[in-house]
Trainee: 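Sharing a structure, written as structure tokens. Questions coming.
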Protein chains: 2
Amino acid sequence: MVTIQDVAKAAGVSAMTVSHVINDHPHVKRETRERVLRAIADLDYRVNVAARNLRTGRTGTIGLAVAEIDRPYYGQLAAAIIAAAARHDLKVAIEQTGASREGELDALALSRNRLYDGLILSTVGLGPADTDLLKVDYPMVILGERIFDGPVDHVAMPNVEGARAATAHLIERGCRRIALVEGRLGDEVDVSSLRFDGYREALEEAGIPLDPRLLIHIEAFTMEEGAAAARRLSDSGAEVDGVFCVTDTVAIGVLRGFADRGVRVPQDVKVIGFDNIAEGAYTVPSLSSIDPDHSLMASTAVRFLVGRVAEKGKKRPVAREFISRFTVVARESTGG
Amino acid sequence: MVTIQDVAKAAGVSAMTVSHVINDHPHVKRETRERVLRAIADLDYRVNVAARNLRTGRTGTIGLAVAEIDRPYYGQLAAAIIAAAARHDLKVAIEQTGASREGELDALALSRNRLYDGLILSTVGLGPADTDLLKVDYPMVILGERIFDGPVDHVAMPNVEGARAATAHLIERGCRRIALVEGRLGDEVDVSSLRFDGYREALEEAGIPLDPRLLIHIEAFTMEEGAAAARRLSDSGAEVDGVFCVTDTVAIGVLRGFADRGVRVPQDVKVIGFDNIAEGAYTVPSLSSIDPDHSLMASTAVRFLVGRVAEKGKKRPVAREFISRFTVVARESTGG
DNA sequence: TTGTACGCGTTATCAC
DNA sequence: GTGATAACGCGTACAA
């Protein structure tokens, strides 16, 4: 294995100078630099990242913990984060938490083990009760809800506002009997409960009473659960002319479930989701949604994290918070 | 920062003994072990992975280079690989190549920089002409085609056989004018050309002449290109009663494109894809496909790679090769 | 502008 | 069963 010493010897300089050349330090005569570069090329020298990491205390890798990378929402988020991290010369290692509390705690532990310079954690299972666990001594950014008070940076979606806009959009299109497909796991504040709040507010504003029979509970935000929910809703005989789904993935399942029952979208029922995943533009009918600008969220999360990494060791200042903006994307599922 | 020395001091032993305890070596008296463990807990000691990496020459992380993690196929593959790697205590860092030759070369370079213990490379842009570039001196497994002769392990899909089965499935369902939506980028052997071979073979076996007007070329394997292809096909007025799409993602776009033109699937045209991505079960109509058993491919790729990592430094034996099996998944898009 | 000396935290070797 | 010592390869004071 060719080391920096070998290069130094070949170039007739000290390892120090080689290091300067590698790290683009000034104060190296051009001639010397060129000689070193030639030696590097000749010997096919590569820096040993492990040694550099040990010395600098950085790994050049950040962790990204998401529920499951094979769900479109997380895949698209991960792609955006990887791209944003690359602009800071950072690599991204992906952890899958399986949407469980334990999985998220595992991810926290990994960074504590100094595998990563920092962690971007997409929370699903952790709730306000776990605030203490988030008081970690390494850079972290929570990608999710504004439900934590601790000194932790947040990048969140406009859940309440977006859900209100989605519901209002259905109302504008003439819906009056609007179901909500949601999945609150307990009494805690989570994505589902925040989006429920927006749904409730929009109904109130329009003077439409909230009918508990139109709240369809699902156990996971999957297409499968969405399809089952739509079938249940249809089979129940409940009058429904609109459905707001807690995520697009669920909405795609809902579209499928309605198709199974011969319910026409948007003629019989209008459907809207949340996230604006890429697939929504290609379903039949295409899916209306709320677009929370994932790439803005991703770049902000990375920016926050990079900032924390840079100021590592300093006293922890107040937590930063960023709520993304959103737009309503009207497609065929709500009448175009 | 608390080091192994601190623990050693606190436990009244040497650092070596602490190391033995950490790494589960035998030959440590139980009493000593317990004292050490208590010290570790008391001090909240964490091993410094960077130092361990430097010493052992391993990073505990493998690279996975895919075109774009936000495409369902790669997302689902990545999830399977992360799960398989976890069973070997390995982390996975994801590189996005953007489906380009340069991106794939960059990924090769990163591993050469010893960032990873090994690399699983999903090739799209590299062709047989690049065989030399794949003669790298670190563990690597190619996830893709059997198009490389070099001493590199392969895990491939049954492209020709699967495509033949897909086409034969359409023929069985009564199709005679079968279009192929494909995207060969040049004269090289790639996914598209292999699946074309299978398509051609199936037509031959059924005595159906190949009509070049039914070969629809696309520039990328995306939903967008698929939708455009279906619209072109429909607008061309060509008689078509079946379409085999080179991937499911493209097929989902094709379904959408046909919907745009009022072409009914499967009544007017039957459609089948390749990959059996999860979304295919929830499209309307649901998508028939070829399932190449991704999880088997993923676990095999990781197994190959782990084997190479273990035998690192030894002479390079012959390349291993694994061709996955497949099943035909018949859904609504071909008549159920 | 370049070189020397040393430390980063861990583990392998080998002795006891 | 336990410990002393020497690497692993790089970066950084500090000296020259």
Side-chain angles (χ1 to χ4, degrees), chain A residues 1-40 43-61 89 112-117 138 312-313, chain B residues 1-40 43-61 89 112-117 137-138 310 312-313:
Chain A
M1 177 183 290
V2 35
T3 77
I4 203 171
Q5 305 290 348
D6 301 331
V7 176
K9 207 165 294 173
V13 297
S14 78
M16 183 62 228
T17 305
V18 179
S19 176
H20 278 159
V21 170
I22 292 169
N23 299 299
D24 271 337
H25 285 188
H27 308 313
V28 179
K29 224 191 323 189
R30 192 167 61 205
E31 199 200 38
T32 314
R33 175 189 307 280
E34 277 163 10
R35 209 166 60 239
V36 170
L37 288 175
R38 196 157 340 110
I40 288 178
L43 300 176
D44 197 32
Y45 163 76
R46 316 276 164 181
V47 297
N48 182 323
V49 213
R52 172 181 285 172
N53 291 348
L54 174 59
R55 188 65 191 131
T56 61
R58 300 255 170 92
T59 66
T61 299
D89 280 325
R112 201 174 301 122
N113 284 350
R114 295 189 273 251
L115 265 180
Y116 308 131
D117 290 342
Y138 54 85
K312 195 166 183 175
Chain B
M1 176 183 290
V2 37
T3 77
I4 202 172
Q5 305 290 348
D6 301 331
V7 176
K9 208 166 294 173
V13 297
S14 79
M16 207 47 243
T17 304
V18 179
S19 176
H20 280 154
V21 171
I22 293 169
N23 298 299
D24 271 336
H25 285 187
H27 308 312
V28 180
K29 223 190 324 187
R30 192 169 58 203
E31 197 199 38
T32 314
R33 175 188 308 279
E34 278 163 8
R35 209 166 61 241
V36 170
L37 288 175
R38 197 160 335 111
I40 287 177
L43 300 176
D44 196 32
Y45 162 77
R46 316 276 164 180
V47 297
N48 183 325
V49 207
R52 172 180 287 173
N53 292 348
L54 174 59
R55 183 62 227 203
T56 61
R58 300 251 171 95
T59 67
T61 299
D89 280 325
R112 202 175 299 124
N113 283 350
R114 296 190 273 252
L115 266 178
Y116 309 130
D117 290 342
D137 57 354
Y138 54 83
K312 195 166 181 174

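Residue numbers begin at 1 in each chain, while the letters A, B, ... track the order of the sequences.
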Trainee: Could you tell me whether a side-chain N or O of B:Thr56 sits under 3.5 Å from a main-chain N or O of B:Arg52, the two making a donor and an acceptor?
Mentor: yes

Trainee: Rounded to the Å, how far apart are A:Arg58 CZ and D:dG11 C1'?
Mentor: 14 Å

Trainee: Between A:Lys29 and B:Tyr45, who's closer to the 5' end of DNA chain C by nearest nucleotide?
Mentor: A:Lys29

Trainee: Looking at NZ of A:Lys29 and CZ of A:Arg35, how far apart are the two atoms once the value is rounded to the nearest 0.5 Å?
Mentor: 8.0 Å

Trainee: Can you name the nearest heavy-atom pair linking A:Asp117 to A:Gly57, along with the distance?
Mentor: OD1-O, 4.4 Å

Trainee: Taking the side chain as C-beta and beyond, is there a heavy-atom pair between B:Val28 and B:Val36 under 4.5 Å?
Mentor: no

Trainee: Considering the terminal five base pairs at each end of the helix from C:dT1-D:dA16 to C:dC16-D:dG1, what angle separates the two local helix axes, rounded to 10°?
Mentor: 30°

Trainee: Take B:Thr32 and A:Leu54, find for each the nucleotide of DNA chain D with the closest heavy atom, and name the residue whose nucleotide sits nearer the 5' end.
Mentor: B:Thr32

Trainee: Over all strands shown, is B:Asn53 touching base, sugar-phosphate only, or nothing at heavy-atom distances under 4.0 angstrom?
Mentor: nothing

Trainee: Is any side-chain heavy atom of B:Val18 closer than 4.5 Å to a side-chain heavy atom of B:Val13?
Mentor: yes

Trainee: Can you measure from OG1 (A:Thr17) to CD1 (A:Ile4) and round to the nearest 0.5 angstrom?
Mentor: 9.5 Å

Trainee: Listed in order of residue number, which residues of residues 11-21 of chain A have a non-hydrogen atom at under 4.0 Å from DNA chain D?
Mentor: A:Met16, A:Ser19

Trainee: Would you give the length of the straight line joining atom CZ of B:Arg33 to atom NE2 of B:His27, rounded to the nearest 0.5 angstrom?
Mentor: 11.0 Å

Trainee: If I take atom NZ in residue B:Lys9 and atom P in nucleotide D:dG3, what distance separates them, rounded to the nearest angstrom?
Mentor: 14 Å

Trainee: What closest approach, in Å, do B:Arg58 and B:Asn53 show between heavy atoms, and which atom pair accounts for it?
Mentor: O-OD1, 2.9 Å

Trainee: Distance check needed: D:dC10 C1' versus A:Asn23 CG, whole Å only.
Mentor: 9 Å

Trainee: Side chains of B:Asp44 and B:Val2: does their closest heavy-atom pair fall under 4.5 Å?
Mentor: no

Trainee: Please pick, from D:dT2, D:dG11, D:dG9, the nucleotide with the shortest atom-to-atom distance to any side-chain atom of B:Val28.
Mentor: D:dT2

Trainee: Give, for atom OG of B:Ser14 and atom CD of B:Gln5, the distance between the pair rounded to the nearest 0.5 Å.
Mentor: 8.5 Å

Trainee: Anything under 4.0 Å to a heavy atom of chain A counts; send over the first and last such nucleotide of DNA chain C, read 5' to 3'.
Mentor: C:dT1 to C:dG9

Trainee: Round to the nearest Å and state the distance from A:Ile4 atom CD1 to D:dA7 atom C1'.
Mentor: 17 Å

Trainee: Distance check, rounded to the nearest 0.5 Å: B:Ile22 atom CD1 versus B:Leu37 atom CG?
Mentor: 9.0 Å

Trainee: In whole angstrom, what separates B:His25's NE2 from D:dG3's P?
Mentor: 16 Å

